[in-house]
Protein chains: 2
Amino acid sequence: MADGPTINTIAERAGVSIASVSRVLNGLPTRQETVRKVMAAADELGYVRNAVARSLKSRRTHQVAFAMADVGNPAYLAMLRQIQPVLKAAGYRLVLHSTDAVVADEIDVLHSLGERYVDGLIMSPLRVTEAHLQMLATARAPVVIIGSVPEGTRVDNVRADSRTGVRLAVDHLYALGRRRIAMINGPLDTVPGAARGAAYREALRDLGLPYDESLVQIGDFYRQEGAAAVAALLARVPDVDALMCANDLIALGALDVLRAAGKRVPEDVAVVGMDDTDLAAASWPSLTSVSLGSAERGKAAAELLLERLQGDDGEPRVVTVPPRLAVRASTAGADQGSADQGSAGQGKTGQGKTGQGKTDQDSADQGSADQGRAGHGRKEGGQ
Amino acid sequence: MADGPTINTIAERAGVSIASVSRVLNGLPTRQETVRKVMAAADELGYVRNAVARSLKSRRTHQVAFAMADVGNPAYLAMLRQIQPVLKAAGYRLVLHSTDAVVADEIDVLHSLGERYVDGLIMSPLRVTEAHLQMLATARAPVVIIGSVPEGTRVDNVRADSRTGVRLAVDHLYALGRRRIAMINGPLDTVPGAARGAAYREALRDLGLPYDESLVQIGDFYRQEGAAAVAALLARVPDVDALMCANDLIALGALDVLRAAGKRVPEDVAVVGMDDTDLAAASWPSLTSVSLGSAERGKAAAELLLERLQGDDGEPRVVTVPPRLAVRASTAGADQGSADQGSAGQGKTGQGKTGQGKTDQDSADQGSADQGRAGHGRKEGGQ
DNA sequence: TTGTAAGCGTTATCAA
DNA sequence: TTGATAACGCTTACAA
């Protein structure tokens, strides 16, 4: 941890000026002999360029921030998974912020752009407030927003299309012959809650199905609450034959309750979740789920930002990532296994999981597994 | 994106020297009138301190790096989840590196410490090579290693105890009356594979059970491979009554195969996984799993590092986090539901999800309910 | 080809 | 209480 050498140290050691050292280090034309001396000195001293000083001079940090609402949320993690390698490949470091979905925190991050510790920012806000818009307008570095922003906002943004997503699911259920399709939603005063609720209504209308209030049950976006909501619904409408759940957790809760109630899935009741998290493939029966393309959105956002960092200052762009339906056992019936059986959306999955795709979770958890292929046995567990 | 104002801009505007501006900004004793003028100017111009310049001067970046092997791995994510808030609370930013378990990349990160873009580093290497040890010895900033390092290595480290973990599981199965306990492991040339295999053997011995090679099946740490391994085992030993799986994915594969084979879980065969990932709680039947305390390890590592950053330069410390058995339906039998039914370790759930968790993504999964037990890793103090 | 010197935006010392 | 001024470690005119 000794104080590292600087170009001054090297210059002295090599008997040249700091300018020469800098030139050598940057590969600028220099006499061979000088190059040799400098390199030798640098090697011996274990010299490493100070990134902070370089940044101060160059006004570039080679860092990009990603502000996610919640480090614990699989959807954001899916974004992170894609963003990280893209940035890394372009020579950028990733600074991670977790705003806990608190608006003030998000504003803070936007404000801190003025500190110039990053060259740009990718942010995925829960909802976009007036304060957000103001900060965005005066942001001191390029920003890409993952999520929708009001028409006319001058900022790059990458959005999902949950309306189409819900429609894919409802159409799928309809195609399977289901006619009493219930909606288990989260609170309507949330952005997704509202959007999904409306999309459900719309999808039914377009299919010529009546909108039946008794088929709509509001709970919250968690497993317990989802279960409770489904229990309530079941008590009210025993002959419901399909559940459109506003996210995967709700759907898992639904599976719990249906099982307890002796209903077969999908024979008696088909179930669809949303977000297509790892949990969907892991559950049993495996869960048909609508992917809103978190991974793709993350990748697109990173790419947009990189273009900005490379100097593109054209008009703000909007990228919309299409949803995709991952059909699994909870609606398909046939193969009760776990693998995806196809997808309604655009063919190709795009990025999907990373690795060479062992199992569907893939890298999901090499768990500790990973810890070390090839490892020769250094002991793991302590003591 | 206009070039932000600097203290020079402010000084001019306020009609004072940059020194005065700096003083005001840092709350050093200054005449009221001057303070007023400076603040006014700063406000009007929307001044924000330049973090890079401050870092250059102060030799502190207020950034800490976390080098994880794989952004996609739940075990590392659990660490990240704990590390992030601890650092944030202490005023540090988090720089994320994903090394893809490539040794060269890890060495690189260690080397880059010389660039001084962070004040410290938390690293969770797959395995610790000679190269690691050398870099660690000359690291230019404090480092905390998550994982075991060779005896005598002068570096803080936080380790899991998979040996005790396996034992908890085997003991549990034994207590349930199971006597034909099979081990479904990953490759033995991996650190965890070797450790878990040995621990299994040892646990049996201590219980007075014979070590029966036909009860051991090696596959890989993924669902498909786990399923294949279990199928092979089942063909060989039809009356096996318990499966100790080396991770959760393998265990999920086991559930698939058992179901297909018409075996009831846990009545006919009890199943235990390892790592206690989100998937364990989501599966059906929910999976009893051994947590190796990823979350706690992350937290402990962050805390250790913070102490170093605050100047503690005592002897290197080793913290060992105890494993914990999360008992669920795949062994408990009683409640087939999804909730944890208890745990060998500490009670209470601790942090859990943040925010009001509305939206969609939101906290997609609390699934991991337990992720954040209070975790008291006992410190063992510097050897 | 090389060295001197002027910044990059702060903080901190030292006189005044 | 304040203002010059010298660093921090590097890059880059500009001279030599």
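What you see is a predicted model; the values in this text were computed from it and never measured. Here is the naming used below: chain letters follow the sequence lines, and residue numbers restart at 1 for every chain.
- Rounded to whole Å, the distance from CD on E115(B) to C1' on dC8(D) is 17 Å.
- With distances taken from any side-chain atom of T30(B) to the nucleotides dT10(C), dT2(D), dT4(C), the minimum falls on dT2(D).
- Here dG3(C) presents its P atom at 13 Å from CG of N8(A), a figure rounded to the nearest Å.
- Spacing between atom CG of L25(B) and atom C1' of dG9(C) amounts to 12 Å, rounded to whole angstrom units.
- Across all strands, V16(B) comes closer than 4.0 Å only to sugar-phosphate atoms, never to a base (heavy-atom distances).
- One atom, CD of E33(A), and another, C1' of dT2(C), lie 14 Å apart when rounded to the nearest Å.
- Looking at heavy-atom distances under 4.0 Å, S22(A) makes contact with a base.
- Distance from the side chain of I7(B) is smallest to dT11(C) among dT2(D), dC10(D), dT11(C).
- N26(A) comes within contact range of the sugar-phosphate backbone alone, with a heavy-atom separation under 4.0 Å but no base atom that close.
- Residue T6(A) places none of its side-chain N or O atoms closer than 4.0 Å to OP1 or OP2 of dG9(D).
- In this structure, the CZ atom of R23(A) is 14 Å from the P atom of dC14(D), given to the nearest Å.
- For S20(B), whose side chain is taken as the heavy atoms from C-beta onward, the closest listed nucleotide among dG3(C), dT10(C), dT2(D) is dT2(D).
- One finds a side-chain N or O of R59(B) lying less than 4.0 angstrom from the OP1 or OP2 phosphate oxygen of dG9(D).
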Assess whether side-chain contact (heavy atoms from CB on, under 4.5 Å) is satisfied between R59(B) and D3(A), documenting all intermediate values. CA-CA 11 Å; R59(B) 294 150 164 288; D3(A) 245 36; 3.3 Å; yes
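- When each of dT10(C), dG9(C), dC10(D) is scored by its nearest atom to the side-chain atoms of R54(B), the top-ranked nucleotide is dT10(C).
- In this structure, the side chain of H132(B) engages the main chain of T129(B) through a donor-acceptor pair within 3.5 Å.
- In this structure, I18(A) atom CD1 and dC8(C) atom P are separated by 16 Å, rounded to whole Å.
- In this structure, H97(B) and Y117(B) have perpendicular ring planes: the angle between them is above 60°, well past the 30° mark.
- Between the side chain of S58(B) and the backbone N or O of R54(B), at least one donor-acceptor pair lies under 3.5 Å.
- In this structure, D3(A) places its CG atom 10 Å from P of dC8(D), rounding to the nearest Å.
- Along DNA chain C, the nucleotide nearest to K57(B) and the one nearest to L56(A) differ in position, and the one closer to the 5' end is contacted by L56(A).
- Residue Y47(B) places at least one side-chain N or O closer than 4.0 Å to OP1 or OP2 of dT10(C).
- Atom CG of L28(A) is separated from atom P of dC10(D) by 15 Å (rounded to the nearest Å).
- Contact record, V24(B) with V35(B): CG2-CA, 3.9 Å, taken as the closest heavy-atom pair.
- Residue R49(B) places no side-chain N or O under 4.0 Å from the OP1 or OP2 atom of dG9(C).
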